[in-house]
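Report on the following structure.
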2 protein chains.
Amino acid sequence: MATMHDVARRAGVSVSTVSYVLTGTRPISAATRDRVLEAMAELGYQPNAMARGLASRRSNIVGLLLPLTGRALGATETAFVTGATEAARQAGYHLMLCPVGPGDTDELQVLATQGLLDGFLVMEVGLTDQRVDLLRTLDSPFVLIGRTADTDGLACVDIDFEQTVEDAVAHLVGLGHQAIAYVNHSSASLAGGYGPAKRTELAFEAALERHGITGVMVPTEDTASGGRAAIRQAREQCPELTGVLVMNENAALGILADLRESGLEVPYDVSVVSMVTSEVVADLASPPLTAMTSPGTALGAAATRVLLDRLTGDAGDPTYTELVPCVLDVRGTSGPARPRTRPTKAAPGRR
Amino acid sequence: MATMHDVARRAGVSVSTVSYVLTGTRPISAATRDRVLEAMAELGYQPNAMARGLASRRSNIVGLLLPLTGRALGATETAFVTGATEAARQAGYHLMLCPVGPGDTDELQVLATQGLLDGFLVMEVGLTDQRVDLLRTLDSPFVLIGRTADTDGLACVDIDFEQTVEDAVAHLVGLGHQAIAYVNHSSASLAGGYGPAKRTELAFEAALERHGITGVMVPTEDTASGGRAAIRQAREQCPELTGVLVMNENAALGILADLRESGLEVPYDVSVVSMVTSEVVADLASPPLTAMTSPGTALGAAATRVLLDRLTGDAGDPTYTELVPCVLDVRGTSGPARPRTRPTKAAPGRR
DNA sequence: ACGTTTTGTCGAAACGCTTCGACGAAGCGT
DNA sequence: ACGCTTCGTCGAAGCGTTTCGACAAAACGT
């Protein structure tokens with residue numbers, strides 16, 4: 001590997017001059033610049049990342065804090081990651097995946113103090129999250145993807161759950177639905193203070209009231225069978241329901257299957273809207289899911305930009321919060337509400 | 001941040017002694033070791049990753065080369081990533097996600113020469129892959145997750161497609177199926193030399209011959225609608241088919257939906273086995289998919305171990321290849337073959 | 001008791017870069 | 001022609017480690 005010394009010698013300049021050409025820190029005459037550039041090209045010179053990092057105390061690497069549950073990531077999380085990675089790359093940064101969950105403070109402590117990372121992107125943020133506290137006291141720059149209960153002084157990028165729920169409910173109400181169920185994350189998530197679960201619960205209640213309709217919320221596991229259980233429970237608690245809002249993609253498919261097996265046709269008898277859903281999964285269902293598509297890639301990219309702005313010093317507001325709602329994609333599982341008579345077996349031929 | 005100097009002063013030893021305590025490179029008496037350790041603890045000392053990297057020319061970071069298509073990663077790929085990340089962490093390494101596809105040689109050239117990464121894990125390997133050639137000429141240590149056409153002198157970890165196809169076919173044959181379709185990746189993938197597509201095609205043909213049964217292979221897009229199109233085409237080409245093997249999870253769901261809509265009941269009329277499938281997606285379907293579950297996490301971990309062995313020098317065979325077959329998980333979509341009469345509308349009550 | 005090895009520690013030289021102060025050479029106004 | 005600023009470049013001092021050669025002190029064999 002050629003070093004800066006080699007380049008300097010070949011171009012007949014000093015090492016520092018080469019450095020200035022590279023970093024643009026000081027003005028260099030066009031003539032010498034060209035000579036240096038040429039020498040670099042001839043030698044196939046590539047600056048050493050470690051040396052640069054040591055001297056400048058910035059690595060151009062940001063860490064992505066992501067609890068690795070052992071189970072696969074959802075499509076939404078994956079989109080976050082790819083969005084963030086791509087955005088970082090375009091800004092000349094690298095992205096390091098760090099399996100650090102809300103409780104792994106020791107891990108994070110090490111990561112943040114060993115000087116490898118310039119800043120952090122924090123995913124899967126709980127309403128109270130030790131990682132946030134730690135990063136704050138260490139004052140490492142960081143941006144949350146998600147939100148804690150108290151976002152004072154924090155930079156956050158998140159899905160606008162309130163708006164998303166409202167939009168979804170409005171869609172159903174617009175189709176004439178008067179009784180809707182909301183199938184939320186598990187009660188464990190709710191109790192554990194998982195932000196999206198809590199926020200959507202509140203938003204759902206608010207939306208019901210605003211539109212003057214009735215509804216129930218049912219928490220359930222994020223699996224197909226969880227969805228099945230939830231829809232049964234919902235129909236029991238609220239037999240007249242014609243609309244279902246469901247938080248989790250997997251649960252959504254379970255609901256669809258269960259309704260079908262119960263002799264109810266979607267969307268003729270019941271409409272289903274899936275929240276925070278990726279297109280791939282929506283298209284997996286048949287009919288394809290009407291869904292609030294999660295802006296995963298965009299969020300990841302936005303978070304990265306916010307963090308990078310902070311790092312390069314031209315930081316604006318340190319309390320910057322950017323909320324992006326999911327957008328409604330009407331596909332095959334939502335339609336006009338049936339009149340409020342007890343549904344008979346679905347009329348054939350309708351789909 | 002405390003430095004080694006601080007620790008050395010506090011413990012009353014030289015800097016190099018502190019270093020030896022940390023790295024174990026040379027013997028240190030128990031007494032001084034304890035003193036040094038104590039000083040570290042008191043100061044909350046944390047070695048600087050950059051300085052260490054510069055001096056030792058190893059970063060303890062490995063890069064994961066992964067084309068980011070813009071679309072979300074599949075569950076299998078995600079499992080690879082998490083498995084690799086976790087395994088790296090346990091060995092004291094970090095994992096950096098690098099969006100570098102088979103063609104992005106410039107990107108990779110930079111990554112490999114800037115000295116940030118000790119080695120590479122290469123994902124989504126094509127039958128011929130420029131990344132492999134480049135890494136080879138730069139002689140950076142690397143391990144493939146997947147295989148090129150010619151694996152001479154390469155370290156690979158991959159799914160054992162041949163075995164997986166054979167197992168799947170054997171499962172169907174064991175249930176009495178005599179005519180099976182294989183819904184493969186798209187013809188573009190096949191033409192582009194995508195390893196899994198090609199290998200499974202050959203393995204399927206071999207399995208047909210070995211078992212003395214008939215079948216067709218239909219390439220299709222990796223989407224639900226791709227699956228629908230494929231199953232139609234397959235039934236046209238081979239009306240007597242009772243078994244379907246499908247490469248892609250998304251396509252599998254499409255196939256299930258299409259069969260149901262055609263009045264065929266799974267698994268009574270047709271059995272479906274999904275290849276290289278994750279449990280989450282398998283459970284999304286109803287009935288849940290009988291599948292060859294992909295050992296994603298295990299593969300990622302295995303690849304990492306192989307790479308790390310190579311890095312730490314106690315490398316064994318540089319041509320080490322580890323093949324792991326998917327394992328058959330019988331769920332709800334496979335069952336005994338129907339007698340070979342033309343099926344009438346499925347008898348009710350059966351499932 | 002003697003050389004000889006082994007053990008434990010030290011000082012200093014890298015590692016390849018950034019950055020700071022210095023300084024001659026131009027360019028400016030007057 | 002004069003000092004004054006600006007421009008372009010240089011040398012050297014770090015950045016925080018690892019690692020190598022050296023060297024007392026202790027342990028060994030005879």
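Just so we're on the same page: letters track the sequence lines, and every chain starts at 1.
- In this view, A:Ser140 and A:Ala112, A:Phe120, A:Leu135, A:Leu138 satisfy the side-chain contact (heavy atoms from CB on, under 4.5 Å) rule, not counting sequence neighbours.
- Contacts of B:Arg131 classified as salt bridge (charged side-chain N to carboxylate O under 4.0 Å, His left out), with partners at least two apart in sequence or in another chain: B:Asp129.
- Residue pairs meeting the side chain to side chain donor-acceptor pair (under 3.5 Å) criterion with at least one member in residues 44-53 of chain B: none, sequence neighbours excluded.
- Applying the side-chain contact (heavy atoms from CB on, under 4.5 Å) test to A:Leu37 and every residue at least two apart in sequence or in another chain returns A:Val21, A:Arg33, A:Met40.
- Qualifying salt bridge (charged side-chain N to carboxylate O under 4.0 Å, His left out) partners for B:Glu322, counting only residues two or more places apart in sequence or in other chains: none.
- Atom OG1 of B:Thr85 is separated from atom CG of A:Leu97 by 4.5 Å, given to the nearest 0.5 angstrom.
- For B:Ala303, the side-chain contact (heavy atoms from CB on, under 4.5 Å) partners at least two apart in sequence or on another chain are B:Leu121, B:Val143, B:Ile145, B:Val157.
- Across A:Met123 and A:Val81, no two heavy atoms sit closer than the pair SD-CG2, 4.2 Å.
- With values rounded to the nearest 0.5 angstrom, B:Met50 atom CE is found 8.0 Å from A:Ser56 atom OG.
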So which protein N/O to nucleotides 12-16 of chain C N/O distances come out below 3.5 Å?
from, atom 1, to, atom 2, distance (Å)
C:dC15, O4', B:Arg57, NH2, 3.4
C:dC15, O3', B:Arg57, NH2, 3.3

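- Residue contacts for A:Val18: at a heavy-atom cut-off of 4.0 Å it reaches no nucleic acid atom on any strand shown.
- The heavy-atom pair separating A:Thr105 from A:Leu134 by the smallest distance is O-CD2, 3.4 Å.
- Contacts of B:Ala55 classified as side-chain contact (heavy atoms from CB on, under 4.5 Å), with partners at least two apart in sequence or in another chain: none.
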Encoded 5' to 3' (Watson-Crick or G-U under 3.5 Å; [ ] crossing; | other strand), DNA chain C becomes |.||||||||||||||||||||||||||.|
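- Residues from residues 108-118 of chain B placing a heavy atom under 4.0 Å of any atom in DNA chain D do not occur.
- One finds the CG atom of B:Leu299 at 10.5 Å from the OG1 atom of B:Thr304 (value rounded to the nearest 0.5 Å).
- Heavy atoms of A:Ser19 sit under 4.0 angstrom from at least one base atom.
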Residue pair B:His5, B:Val15: steps toward the side-chain contact (heavy atoms from CB on, under 4.5 Å) verdict: CA-CA 6 Å; B:His5 265 95; B:Val15 183; 3.8 Å; yes
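- Between A:Asp133 and A:Arg136, no side-chain nitrogen of the basic residue sits less than 4.0 Å from a carboxylate oxygen of the acidic one, so the salt-bridge criterion is not met.
- Scanning DNA chain D 5' to 3' for nucleotides with an atom closer than 4.0 angstrom to a non-hydrogen atom of chain A gives a first and last hit of D:dG8 to D:dG16.
- For DNA chain C, the neighbouring residues in residues 21-28 of chain B, judged by any heavy atom under 4.0 Å, are B:Arg26, B:Pro27, B:Ile28.
- Residues B:Glu38 and B:Arg35 are not paired through a salt bridge, judged by the lack of any N-O separation under 4.0 Å between the basic side chain and the carboxylate.
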